Each structure stands twice: as C-alpha cells, then as structure tokens.
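Predicted model, so just to flag it, every value in this text is computed and none were measured.
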Amino acid sequence: MEKVRISSYQLFILVVLFELGTAILFNPGGLAKQDAWIANLLGLAAGLLLFWVYYRLFRYYPDIPLTSYAQKIIGKWLGSIIALLYIVYFLYQSSRILRDIGELLITTLYNQTPLLVLNTFMLFTLLYGAFKGIEVVARVGELCFPIVYLLAISGFLAILLTDIVHLDNLKPILENGGGIILKTVFRSTLNFPFGEMVVFTMLLPYLNKPKKVLHICLGGVLLSGINITITSIINIAVLGVDLFIRSPFPLFNTIRKIELSTFLQRLDVFFILYLIVAGFFKLYLYFYVAVVGAADLFKIKNQTKLVLPLGTLIFFGSITIASNYAEHIKEGIVLIPYFVHMPFQVIIPVILLIVAFFKSYKSSK
C-alpha cells in the first residue's frame, strides 16, 4: 500500500462528503412516496449495522485492505477472484458516477455542451487528484467541507424564508403501509448511499489512529443520513409527492423555487457548486480504491502507473454505459441494487466475516 496517513478529522470529512455525494441530488427512497424520509432513516439504521461488518473485518486485518484479506480469509485463488471482482465493481461505480455528474451538468446548466467534453474535464481533475494521492485530496476535503455546509445552511435558510414549504405534502404517513417502505430500504436506501461505505474497507488502514475508526465512520454516516433525510422532507414539502417522484433531480427543482424579493433568485449556482465538490469526492474515492486494489492484487509497487489506464477505462465506460440517460437511470434502479450492490456491499462481506470469525476462533484454541 501507498505509505500515507490521514487524520481522524480528514476521515470523518471524507465519509460525509462521500456519503452525501450524489445521493442528496437524487431522491433515494422515492419509491415510498411521501414516506421517503422514513425509508431513508431505516436505510441509515441498516447502513450503520452494515458498517459494523466492515469494521469487524478491519479489526481482524487492520493493516491491509479488503483485496488482501479476502485472500487470507478464503484462500489465495478464490480470494484473488473476489478481489478482482471488487476492483471491477469500483471501476464500474466510478463510470456510473462520472456519467451522473456529466448528465446533471448538462441538464442543469450546460445543455448545449456534449457529455464527452464535460466528462473529459472531470476526468482531468480526477487523474490529477489520483496522481497527488489520498493525503492531498483529504486536505482539500478539509477546505471544501465548510463550503459545502455553508451552501447547505444558506439554502435551507433561504427555503424557510420563502412561502414554498407545505408540510401537508408529507401526509398521510404510512398511507401505503410498511411493506413498501421496507421494499424501498432493501431496493434503494440501504445500498445508496449507506452500503457504499464498503469503499472504506480499502481506506481504513490509512488512518493514523485506528482505534477511532468506529466512532468516526459511524458519526460521518449518521450526519450524512440525517442530512439526506432532512433534504427528502424539504423536497417533498416543497414539490409535492407527484413532482418529487417524477423529478430526476428534486433538489434542483426545489432550489429553483427559491425567490426572495427581487435580489435573491436563480440560486442554481448553489446546486452546481455542491455537485462539483461532493460529486468529485465520491468519484475520486471510488476510483482511488480501484487503483489501490489493482496495485495490491497485482503487486505493483508504484500505483500511479495504473492511474492513466484505469482513468481511460472509466472515461469510456461512462460514455458507453448507456445509450441515453433514461437507460442509465433504469439500469441503476432495476438491475444495480440486486445484482451489483447487494453482493458486494452485503453478501460477500458477511460471508468473509463469518469465515474470519471461525478461523480466528479455531486458531485461538
């Protein structure tokens, strides 16, 4: 592994920016309609429990990433296959996020700019960050974190000062019963974004003070989950259930409704700034752990050699992953949760933990 270290505060910031990422821009939990905020809270609770699985694996192997301890737990050959699949998963997610950011920018601001151009500029920034390493990006995160929260608080206050919030849109609660909420949790809110903390199984060995991992990460996930829940409540209260469900980017539509007198209008720039900052960190961490995993699996000492080829791979993947944005979204809703997220976020880590537990118990006798 690259010989770097990140502080506890930097890890906390990376967790929050990663978890918020693109999740706050979409409508996770939208399947539950006006109960989306309940689905988000339940997804948060399940995500906290799921992170405990990742944490226990880290406690068994505190000095190596998932791609290494998978080989130690279930054997070199099968473990290497699992490690390779995780690298592919991280790269695939990088491609999807790069496509998400490009499509969001086209929809909201650059509607005459080709997707290829926008993704190219984002790719250059990503590659530069990857060459500099996680320590540099973590320090950048310290600078960006106050900006993101200043934007969030400013937007929240602006919404409260206008007459666009209608809490009646949140009623009736549990109109469709609890079944649809639980379905939404397992289909959406657990995987996106809380299950994505599996990325940090590749980063936890970098922490300066590993004893603080559990509190730092749980705190970051909790803060992010509360923010996502509050955002979903505001979106529903402002837009109404129908528009909330139909809107691909409900937060963008909510922000566009803000008008304070004649001097504070068109606050789309808040949305764009957030998208660029938080979206970049989520994209970067997915890509970076793919590079780290590939270097670890194939025993490449200088991992920067992998940055350009893997960056090129996700760039072309982001363009070819779907023929249009509707297809891209459909794939993300119908196929990804069950056939991609569930195995890599839940099933494989739980199996690894069970096997690691029995191996540890057996060796302690």
Side-chain angles (χ1 to χ4, degrees), residues 15-56 93 152 156 167-201 214-242 244-247 249-251 254 278 282 329 332-350 353:
V15 169
V16 174
L17 291 176
F18 176 82
E19 285 288 280
L20 291 176
T22 54
I24 209 168
L25 306 178
F26 296 101
N27 57 348
L31 184 65
K33 298 183 178 179
Q34 68 267 26
D35 295 324
W37 63 275
I38 301 177
N40 282 321
L41 283 178
L42 292 178
L44 169 61
L48 293 173
L49 181 62
L50 184 59
F51 180 77
W52 181 85
V53 174
Y54 307 151
Y55 173 71
R56 292 305 305 174
Q93 282 295 101
F156 181 70
L167 294 179
D168 286 342
N169 290 333
L170 297 167
K171 300 176 183 179
I173 297 175
L174 297 176
E175 179 185 20
N176 301 303
I180 188 66
I181 294 177
L182 292 177
K183 181 180 179 181
T184 303
V185 171
F186 288 102
R187 182 177 174 179
S188 175
T189 57
L190 170 60
N191 305 132
F192 178 67
F194 305 112
E196 293 181 298
M197 281 295 292
V198 70
V199 162
F200 285 84
T201 59
L214 185 62
H215 297 97
I216 293 168
C217 292
L218 290 183
V221 174
L222 185 62
L223 178 61
S224 304
I226 292 172
N227 287 336
I228 292 171
T229 302
I230 292 173
T231 302
S232 66
I233 291 173
I234 291 174
N235 287 335
I236 297 169
V238 172
L239 302 177
V241 176
D242 291 337
F244 172 71
I245 294 172
R246 290 186 286 107
S247 174
F249 317 120
L251 181 60
T254 296
K282 185 160 191 173
I329 290 297
I333 295 175
V334 177
L335 299 177
I336 303 304
Y338 297 121
F339 300 106
V340 179
H341 286 326
M342 192 60 70
F344 289 104
Q345 294 177 2
V346 181
I347 297 174
I348 295 176
V350 169
L353 180 60

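- Of all the heavy atoms in Val346 and Pro349, the pair that sits closest is O-CD, 3.4 Å.
- Here the CD1-NZ distance, from Ile180 to Lys183, works out to 5.5 Å after rounding to the nearest 0.5 Å.
- A heavy-atom distance below 4.5 Å is not found between the side chains of Leu218 and Trp52.
- Atom CG of Leu223 is separated from atom CG of Leu20 by 7.0 Å, given to the nearest 0.5 angstrom.
- Residues Phe194 and Val185 have side chains not in contact (no heavy-atom distance under 4.5 Å, counting atoms from C-beta outward).
- The one candidate from Leu239, Asn235, Val238 that meets the side-chain contact (heavy atoms from CB on, under 4.5 Å) condition with Leu251 is Asn235.
- When all heavy atoms of Asp35 and Ile173 are compared, the pair lying nearest together is OD1-CA, 3.6 Å.
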Would you please test Tyr338 and Arg187 for side-chain contact (heavy atoms from CB on, under 4.5 Å) and show each step? CA-CA 7 Å; Tyr338 297 121; Arg187 182 177 174 179; 3.6 Å; yes
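- Look at Lys282 and Glu196 and you find a salt bridge, because one of the NZ, NE, NH1 or NH2 atoms lies within 4.0 Å of a carboxylate O, short of that distance.
- The minimum heavy-atom distance linking Gln345 with Leu50 is given by the pair O-CD1, 3.5 Å.
- Between the CZ atom in Phe26 and the OG1 atom in Thr231 there is a gap of 14.0 Å [rounded to 0.5 Å].
- A donor-acceptor pair under 3.5 Å is absent between the side-chain atoms of Thr229 and the main chain of Asn40, judged by distance alone.
- Taking each heavy atom of Ala36 and Gly30 in turn, the nearest pair found is CB-N, 4.3 Å.
- Heavy-atom minimum distance, Gly332 versus Pro337: O-CD, 3.2 Å.
- Side-chain atoms of Phe18 and Val199, non-hydrogen and from C-beta on, do get closer than 4.5 Å to each other.
- Taking CD1 of Ile236 as the reference point, atom NZ of Lys171 lies at 14.0 Å (rounded to 0.5 Å).
- In terms of heavy-atom proximity, Ile228 sits nearest to Ala23 at CD1-CB, 4.1 Å.
- The SG atom of Cys217 lies 6.5 Å from the CZ atom of Phe200; values are rounded to the nearest 0.5 Å.
- In this structure, Phe156 and Asn227 have side chains that are not in contact, with every pair of non-hydrogen atoms separated by 4.5 Å or more.
- Side-chain contact between Leu48 and Val221 is present, with at least one heavy-atom pair separated by less than 4.5 Å.
- When side chains are defined from C-beta on, Leu174 counts as touching Ile38, because their heavy atoms get closer than 4.5 Å.
- Side-chain contact between Trp37 and Leu170 is present, with at least one heavy-atom pair separated by less than 4.5 Å.
- The CG atom of Asn169 sits 9.0 Å away from the CD atom of Gln34 when rounded to the nearest 0.5 Å.
- The neighbour count for Phe186 CZ, taken as heavy atoms of other residues, nucleotides or ligands under 6.0 Å away, does not exceed 12.
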